[in-house]
Amino acid sequence: MRDHRVRSGGIELAVRERGAEGRPTVVLVHGYPDTGAMWDEVVERLATRFRVVVYDVRGAGASTAPADPLDYGMDALLGDLEAVLDGVGATGPVHLVGHDFGSLQGWEAVSGDRLRGRIASFTSLSGPARQHVLPWARERLRSGPRGVAEVLGQVRRSAYMPVFIAPRSGEAFARLLSAAFGRVLTELEQARPRPGHPADTIARDARNGLGLYRANLRRLQDAPGDGRADVPVQVIAPTGDRYATEGMLLCSRGRVDRLYVRRLAAGHWAPRSRPDQVAAWIGEFVEHVEGGPESGGLARARAAADPAREFGGRLAVVTGGGSGIGRATAHAFAAEGARVVVADIDEGAAKRTVDEIVAAGGEAHVYGVDVADADAMDRFADYVQATFGVPDVVVNNAGIGVAGSLLDTGEQDWERVRAVNLDGVYRGCRLFGRQMVARGEGGHLVNIASMAAYAPTAELPAYSATKAAVLQLSECLRLDLAEFGVGVSAICPGVIDTPITRNSRYVGIPAALADRLKEQAERSFRRRAYPPERVAQAILRAVRDDRPVVPVAAEARVALAVSRLAPAAGRAVARFGHRAGARVRVRLAENAAAPRLAESDALPRQD
């Protein structure tokens, strides 16, 4: 343990060393408006395994400030880092970690020539390379409306930067920030103030630190080089960062050769709110770069760095994956790079889906399970975690249909449709949701409801009741899990061409009439020609954009709007549909009876 000062030109930098000599050196660089003390919790966890070096950047904490308030350019910052490495006697390459503006500085260190050979690896938190931002923005703007929206979202998050850069307004904002910073940490970052953070020098640090923005971010197009690092880079992207979209934090994908991407359910100050996870990932990465084996987590992080495969490295679990929406969803996730566990009560059907995915070059695994069986679901969740790890996405899709009046729906039919459609979703959410929360990296639960959840129909009371319950369960669970970074989406498909109509059970009518109704329903769904693959794409968008309720197909969107804006009109439409359905059933019953009457008339009579 050593605290000392290092001179860099006319600046004195306050440096703190922890841990033991002879171990790999990890250098931590803080951002604005922090000091090196921001890293204290992470330092404590790393110091048992590494030699850890932390310093206050120029103008912050116990370090001195330059006479020129704009003497914060990257050349000066890299000179400071070089002086620190010399001052602590770093004879071999060190492992650099940067947060916020410290991350921007780190990118410059690993992509330029000045410190080439002195850095072994770089871990970036909440700070992209300046050289990557504009190419990313241009690519997203050209990609279509969603990309435009993402860039506009980042512009909104970066609205403070012009204020920082402008004279006088920056100083005014710095005074406001220094007064409110402790409250920001408590209320927005789940990181309570403690001695050292915010620092006693916060007012001075916030004012001096404006030079970082004014010297380096006025014109991003002037940043030298292309930002390509010549060392392994790990990007930890907090999914709840209020100042950067996930897309911008990951804009290095495709621009760095040896890149590892990890998402963390945390806000901007993740080193304060999630020090255990941050320290664990830094340590795991450093040990691998030092020659240790690549862990499963790092292998997934490497796969997640592929910009062409949005869900690369992630694990998706899909129930009811043997056919219909489940099968299409399993294919869609696999095509985007996810490893997929395909579960179904019909293990043979699930195996066919897996074989199709593997034949297409994806990774998928089969599991036979009845979601209505509580013990079987417990075993399933344990198996997935033990074999593949905690899922990143779970799609609770398994479902069955029961049609007919509630008065004709017996206890067994009611219990079965509830057990599969509702209890199965509850178990999938509870079991895998617990795993996601305990892991602390976020995740997403997708529950397949239906347009029937909000569009009443007398023909599907049991089915509709379960889907309405799934919709409300999803809304409630979304509120419950938001603080853990776990999203929840309810998907409400309309008339989709899947086998559910063929497999549904009709109650209260003769078997022959039920068969005719199934045939007619199948023809209607085929004529609608809305394939399950389009639902699967809606599911991927829901996960990507963290959407709460997603109606799929025009009729589902219209029905949702009517249920919210004109529920009486919705009930009127339902009454009309019920009367029309009754006429259809009468006609089909008469048609079914006609052949029997004709056959009876043809028999010889006995007098």
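Residue numbers run from 1 in the order of the sequence given.
- Salt-bridge formation is detected for the pair D370/R416: a Lys NZ or Arg NE/NH1/NH2 atom is positioned less than 4.0 Å from an Asp or Glu carboxylate oxygen.
- Counted by atom type alone, E356 and H331 present one or more donor-acceptor pairs between their side chains at under 3.5 Å.
- In this structure, the separation between OG1 on T409 and OH on Y463 is 14.5 Å, given to the nearest 0.5 Å.
- Between W269 and Y243, the ring planes lie perpendicular to each other; the angle is over 60°, past the 30° to 60° tilted range.
- Atom CG of L460 and atom CE of M451 lie 9.5 Å apart (nearest 0.5 Å).
- Of all non-hydrogen atoms in L264 and W281, the two that sit nearest each other are CB-CZ3, 3.9 Å.
- At a threshold of 4.0 Å, the pair E139-R255 counts as salt-bridged, since one of the basic side-chain nitrogens sits closer than that to a carboxylate oxygen.
- A distance-only check finds a donor-acceptor pair linking the side chain of D346 to the backbone of A349 [under 3.5 Å].
- You'll find the ring centres of F380 and F432 inside the 6.0 Å limit.
- Using a 4.0 Å cut-off between charged nitrogen and carboxylate oxygen, D355 and K351 count as a salt-bridge pair.
- Around the OH atom of Y426, the shell of radius 6.0 Å holds no more than 12 heavy atoms that belong to other residues, nucleotides or ligands.
- In this structure, R534 forms a cation-pi arrangement with Y530, its terminal cationic atom sitting closer than 6.0 Å to the ring centre and no more than 45° off the ring axis.
- Proximity of a side-chain donor or acceptor of Q154 to a complementary backbone N or O of T245 within less than 3.5 Å is detected.
- The distance from the CZ atom of R146 to the CZ atom of R140 is 5.5 Å, given to the nearest 0.5 Å.
- Residue R547 qualifies as open at atom CZ: its count of foreign heavy atoms under 6.0 Å is 12 or below.
- Between atom NE2 of residue H30 and atom CG of residue L125 there is a gap of 14.5 Å, rounded to the nearest 0.5 Å.
- Between atom SG of residue C429 and atom CG of residue L481 there is a gap of 8.0 Å, rounded to the nearest 0.5 Å.
- Here D423 pairs with R418 in a salt bridge; the nearest charged N to carboxylate O distance falls below 4.0 Å.
- Salt bridge absent: R262 and E441 never bring a charged side-chain N and a carboxylate O closer than 4.0 Å.
- A salt bridge links E41 with R194: at least one charged nitrogen is closer than 4.0 Å to a carboxylate oxygen.
- Between Y383 and F388, the ring planes are perpendicular. Angles over 60° get that label, and only those under 30° would be called parallel.
- The pair R45-D40 fails the salt-bridge criterion, with no side-chain N (NZ, NE, NH1 or NH2) lying under 4.0 Å from an Asp/Glu carboxylate O.
- With hydrogens and angles left out, the side-chain atoms of T319 and N396 include no donor and acceptor closer than 3.5 Å.
- For the atom pair CG (L473) and NZ (K467), the distance works out to 12.0 Å, reported to the nearest 0.5 Å.
- Shown here for I400 and V417, the closest heavy-atom pair between the two residues is CD1-CA, 3.8 Å.
- Under the 3.5 Å distance criterion, the side-chain polar atoms of R314 are left unmatched by any main-chain donor or acceptor of F333.
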